[in-house]
Amino acid sequence: MNKIKRQSLLAMAAFGLAFGLAACGDDSSSSSEPEVEVSLTGAVFTSDYQTGELRWIDKEGKISEKSLEFYQNSKVIANKGMLYVLEGIGTDNISQVDPEKLESETKKAVNWQVSLDEGSNPADMAFDGSEAWVALQAADSLIKISTTDGKIVKSIKLKGFASKGESAPYVADIELDDGNLYVLMQRYSMDAATWATTYPKGLLAIYDASSGKLQDTIQLETQNPMNLLLADGELYVATHGEYTANGTDADDKRGIEKVDLDKKKSELYIAGEDMNGGISFATVEDGDVYAVIDQGYDPVTYAAITELKKINLSSKNVKKVKDVADASGSLAVKNGVLYIGDRTFGAEAIVVVEEDKATSTKMPKGALAPYSIALF
């Protein structure tokens, strides 16, 4: 790939991240359903911001030579032995994929695919038995679909939460817990002529997961929220804050908030100054948050500059995860084993960290860079 083309693609990536259109990030999808054994370890969606391919990871950690094509900014989510591919703006589809058919019947592995409204940008799912709520990042509603065939069974209008002049409140993440559906909204507004973006403080809306009725809203303390984090019966919010020339500043205008559901308020719990910046995306397991810290991009190559941090929510201890050059290609964790998509140009890989030891598996020859990871 020539340098000009490469820079152009990376610039597109930076733009997508800046306005919440990238589908990478954590693979967490809330569900109280028991797990289903799958013969694969996980799936990795890969992208060069022009094309996209789904690959899979076997039990030995090998990444498949075969691939299945999807739109370039897709997110993968695993639940109950199935894989869901959320194709973003430009295609706006949801597909259910049977992981057991990927290697032997690659193109026949798709059980069903549904098309959503143009420009809706499906961004996340929260599973509720045989149904699932779907966050539509660029639409004025949430939808609930049947996981049997993908048909819409319910919808919730959100337009009232949009900032003035915007058609959507820009939902960043959803989680389902104890009958409640938590909906995280960025609520930014953008000048159509200059692309200048204004970020008010984020908002958390709480709905009854069964009826879809609004229960409450909670104003966040910081701007540009990215992820909801459920840990030890508590709800936390990872926030990025406003973008700066260096990606994000290490200050108290971003970080991890802790939500007090009884008092209906949220307070900054761990500040960005303790993490060296704001959070692009994060995932959590057993009280430990794994967060990708945004530190801007290389002015020559436009490659993302990131730091990966492990943050214990109880002690507030922040530790850098080493041996990962560019963690912008997604995070997923299960049973204490962390999978990281390393998008370093020319050295793209899946890095696996277990007991503080990192093992890197390069992407197969001709494969695109990792963009979204899901574990079964």
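Residues: numbered from 1 along the sequence shown. Computed over heavy atoms, backbone and side chain alike; hydrogens, waters and symmetry mates excluded.
- Using a 4.5 Å heavy-atom cutoff, the side chains of Tyr339 and Lys334 are not in contact.
- Side-chain contact between Ile174 and Leu176 is absent, with no heavy atoms from C-beta onward closer than 4.5 Å.
- At least one donor-acceptor pair closer than 3.5 Å links the side chain of Glu166 to the backbone N or O of Met190.
- Note: Leu338 CG to Lys310 NZ = 9.0 Å, rounded to the nearest 0.5 Å.
- Under the 4.5 Å side-chain contact rule for hydrophobic residues, Phe281 and Val321 share a cluster.
- Looking only at distances, a side-chain donor or acceptor of Trp133 sits under 3.5 Å from a matching main-chain atom of Ala209.
- The pair Asp356-Lys319 meets the salt-bridge criterion, since a charged nitrogen lies less than 4.0 angstrom from a carboxylate oxygen.
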Criterion side chain to side chain donor-acceptor pair (under 3.5 Å) on Asn93 and Thr91, from CA distance to verdict:
CA-CA 6 Å; Asn93 293 332; Thr91 301; 5.2 Å; no
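- Taking the charged nitrogens against the carboxylate oxygens, Asp216 and Lys264 do have a contact shorter than 4.0 Å, which makes a salt bridge.
- Using modelled atom types, no side-chain atom of Glu87 and backbone atom of Phe70 make a donor-acceptor pair closer than 3.5 Å.
- Cluster annotation: Leu268 is not connected to Val259 through the hydrophobic network of ILVMFWY side chains, with a link wherever side-chain heavy atoms come within less than 4.5 Å.
- A donor-acceptor contact shorter than 3.5 Å links the side chain of Glu285 to the backbone of Gly336.
- By the 4.5 Å heavy-atom criterion applied to side chains, Val352 and Val337 are counted as neighbours.
- The closest donor-acceptor contact from the side chain of Lys316 to the backbone of Tyr269 lies under 3.5 Å.
- Between Leu83 and Phe376, some side-chain heavy-atom pair lies under the 4.5 Å cut-off.
- Applying the side chain to side chain donor-acceptor pair (under 3.5 Å) test to Thr46 and every residue at least two apart in sequence or in another chain returns nothing.
- Counting only heavy atoms from C-beta outward, the side chains of Leu181 and Leu142 approach each other to under 4.5 Å.
- Between Arg254 and Asp249 the shortest side-chain heavy-atom distance falls below 4.5 Å.
- Under the 3.5 Å distance criterion, the side-chain polar atoms of Glu105 are left unmatched by any main-chain donor or acceptor of Glu103.
- There is a side-chain donor-acceptor pair under 3.5 Å between Asn312 and Ser315.
- Each of Leu184, Leu158, Asn121 was scored for a side chain to side chain contact (heavy atoms under 4.5 Å, CB included) with Val171, with one residue passing: Leu158.
- Residues Leu228 and Val237 have side chains in contact (heavy-atom distance under 4.5 Å, counting atoms from C-beta outward).
- In this structure, the side chain of Asp117 does not engage the main chain of Ser120 through any donor-acceptor pair within 3.5 Å.
- When each of Val284, Asp232, Leu229 is checked for a side chain to side chain contact (heavy atoms under 4.5 Å, CB included) with Leu313, only Val284 meets the rule.
- Scanning for ring pair (Phe, Tyr, Trp, His ring centres under 6.0 Å) contacts around Tyr84 gives Phe127, with sequence neighbours left out.
- Trp112 and Val36 fall into different hydrophobic clusters, where Ile, Leu, Val, Met, Phe, Trp and Tyr residues are linked whenever their side-chain heavy atoms come under 4.5 Å apart, directly or through other members.
- Judged by distance alone, the side chain of Glu257 and the main-chain N or O of Glu221 form a donor-acceptor pair under 3.5 Å.
- The CG atom of Asp274 sits 10.5 Å away from the CG atom of Asn317 when rounded to the nearest 0.5 Å.
- With a 6.0 Å cutoff to the six-membered ring centre and a 45° limit on the axis angle, Lys75 does not count as a cation-pi contact of Phe45.
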What do the steps show when you test His240 against Ser280 for side-chain contact (heavy atoms from CB on, under 4.5 Å), and what is the final call?
CA-CA 6 Å; His240 183 283; Ser280 288; 4.0 Å; yes
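- Residues Trp56 and Val38 are not in side-chain contact: their nearest non-hydrogen atoms beyond the backbone lie 4.5 Å or more apart.
- Note on ring orientation: taking the six-membered ring where Trp is involved, the planes of Tyr243 and Tyr199 are tilted (angle from 30° to 60°).
- Between the Glu53 side chain and the Ala367 main chain, no donor and acceptor come within less than 3.5 Å of each other.
- A distance of 5.0 Å separates OG1 of Thr41 from NZ of Lys59, quoted to the nearest 0.5 Å.
- Between atom OG1 of residue Thr248 and atom CD of residue Gln295 there is a gap of 7.0 Å, rounded to the nearest 0.5 Å.
- Expressed to the nearest 0.5 Å, how far OH of Tyr297 lies from OG of Ser328 amounts to 14.5 Å.
- Hydrophobic clustering, with ILVMFWY side chains joined whenever heavy atoms are under 4.5 angstrom apart, keeps Val134 apart from Tyr71.
- For residues 138-156, the set of pairs meeting the salt bridge (Lys or Arg N to Asp or Glu O under 4.0 Å) definition, not counting sequence neighbours, comprises Asp128-Lys144, Glu131-Lys144, Asp140-Lys157.
- Checked for salt-bridge contact, Asp323 and Lys357 miss the test: no charged N lies under 4.0 Å from a carboxylate O.
- Between atom CD of residue Glu242 and atom CD of residue Gln223 there is a gap of 4.0 Å, rounded to the nearest 0.5 Å.
- In this structure, Ser163 contributes its side chain and Arg187 its backbone to a donor-acceptor pair below 3.5 Å.
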Residues Thr222, Thr239; criterion side chain to side chain donor-acceptor pair (under 3.5 Å); working and verdict
CA-CA 7 Å; Thr222 55; Thr239 71; 2.9 Å; yes
